[in-house]
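Small disclaimer: the values here were computed from a predicted structure and weren't measured. Along the sequence shown, the residues carry numbers beginning at 1.
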Amino acid sequence: MPSSSVTHVPFILCDTMGLEDGVNTGLDVDVATILKGHIQDKYQFNPLMPIQPDSPHFHKSPGLKDKIHCVVFVIDISRVKLLSDKMIEKFVVFRKKANQLSIPQLVLLTKVDEACPLVAEDLKNVYQSHYINKMMQEVSSQLGVSLSAVVPVKNYYQELEIDSQTDILLLNAVVQMLRAAEGYFDDFYNPEERSE
């Protein structure tokens with residue numbers, strides 16, 4: 001089907017508990033199960049015990065629509081320098097599992113307006129800010145993702161009205177997610193191209 005005939009793009013954003021510093025805390029145990037599409041909606045995660053195949057929330061035969069097509073890590077820019085070695089290790093393990101399944105990954109770097117006065121003054125400066133660029137490079141290096149996979153965004157948190165500049169950054173993030181997912185489908189439907 002030619003892309004010009006596409007009138008809408010259906011997508012679902014799934015949110016899970018985050019990665020946490022401690023052992024058996026946060027999203028430690030169910031990562032591969034989630035990525036492969038075995039966990040049904042509304043499942044209550046238990047960091048101490050992974051979901052079992054006999055659970056009513058375990059999807060035994062997930063289809064393509066049940067699987068994760070792009071993983072997005074969300075990191076507060078003010079916490080980039082505070083990432084512990086344990087947290088970085090958890091990111092690396094998570095990324096390794098996603099890579100084994102050929103699932104692309106992005107990093108949303110949030111609260112960029114709070115991190116840099118230049119950006120707070122005008123969001124259009126986000127890609128001109130040396131500080132934001134430095135933090136993007138640091139995240140890229142620490143987590144092992146390409147710099148192009150690190151996407152800066154501003155959060156809505158106290159605004160009563162929408163802001164076009166904030167929306168542009170957020171929509172750019174969604175576009176990056178859709179492109180990454182499209183790459184997943186390209187690899188899924190054309191595996192011979194990936195192996196060349």
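Cys70 and Ala180 get closest at one heavy-atom pair: SG-CB, 3.7 Å. Nearest heavy-atom pair across Ser146 and Ser140 is C-OG, 3.7 Å. Of all the heavy atoms in Tyr127 and Met136, the pair that sits closest is CE2-CE, 4.4 Å. Residues Val153 and Leu169 come closest through the heavy atom pair CG1-O, 3.8 Å. Smallest separation of non-hydrogen atoms from Pro152 and Ile132: CB-CG2, 4.3 Å. The shortest heavy-atom contact between Gln105 and Asn99 is NE2-OD1, 2.9 Å.
Hydrophobic clustering of Ile, Leu, Val, Met, Phe, Trp and Tyr side chains at less than 4.5 Å, counting indirect connections, keeps Val72 apart from Leu171. By the criterion of side-chain heavy atoms lying less than 4.5 angstrom apart, applied directly or through intervening Ile, Leu, Val, Met, Phe, Trp or Tyr residues, Val175 is not grouped with Val71; the two fall into different hydrophobic clusters. Linking Ile, Leu, Val, Met, Phe, Trp and Tyr whenever their side-chain heavy atoms come within less than 4.5 Å leaves Leu35 and Val93 in two separate clusters. Criterion: ILVMFWY side-chain heavy atoms under 4.5 Å apart, direct or through other members. Under it, Leu147 and Phe91 are part of a common hydrophobic cluster.
One finds the NZ atom of Lys36 at 14.5 Å from the CG atom of Asp66 (value rounded to the nearest 0.5 Å). Ile51 contributes atom CD1, which lies 11.5 Å from atom NE2 of His59 (distance to the nearest 0.5 angstrom). We find the OG1-CG distance between Thr110 and Asn155 to be 4.5 Å, quoted to the nearest 0.5 Å. Rounded to the nearest 0.5 Å, atoms OG (Ser148) and CG (Leu106) are 8.5 Å apart. Distance check: Ile77 CD1 to Lys111 NZ gives 11.5 Å after rounding to the nearest 0.5 Å. To the nearest 0.5 angstrom, Gln142 atom CD is 9.0 Å from Asp85 atom CG.
Using a 4.5 Å heavy-atom threshold, the side chains of Leu108 and Met177 count as touching. Considering only heavy atoms from C-beta on, Val80 comes within 4.5 Å of Ile75 through its side chain.
Other residues, nucleotides and ligands contribute only 12 or fewer heavy atoms inside 6.0 Å of the CD1 atom of Ile162. Within 6.0 Å of NZ on Lys60 lie more than 12 heavy atoms contributed by other residues, nucleotides or ligands.
Scored by the side-chain contact (heavy atoms from CB on, under 4.5 Å) test, Thr166 finds Leu123, Lys154, Tyr156, Asp163, Leu170 as partners (sequence neighbours excluded). Remark: Glu182 engages no residue in a salt bridge (charged side-chain N to carboxylate O under 4.0 Å, His left out) (not counting sequence neighbours).
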Checklist entry - Can you check side-chain contact (heavy atoms from CB on, under 4.5 Å) on Ile168 and Gln165, steps first, answer last? => result CA-CA 5 Å; Ile168 287 169; Gln165 293 303 314; 3.9 Å; yes
Item to check | Phe73/Val139 under side-chain contact (heavy atoms from CB on, under 4.5 Å): CA gap, chis, key distance, verdict | outcome: CA-CA 11 Å; Phe73 301 103; Val139 165; over 6 Å; no
Next on the checklist: Quick one, Tyr131 with Leu118, criterion side-chain contact (heavy atoms from CB on, under 4.5 Å). Give me CA distance, side-chain angles, the key distance, then yes/no.
Outcome noted: CA-CA 9 Å; Tyr131 180 76; Leu118 181 69; over 6 Å; no
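Tyr184 and His69 have tilted rings, their planes meeting at an angle from 30° to 60° on a 0 to 90° scale.
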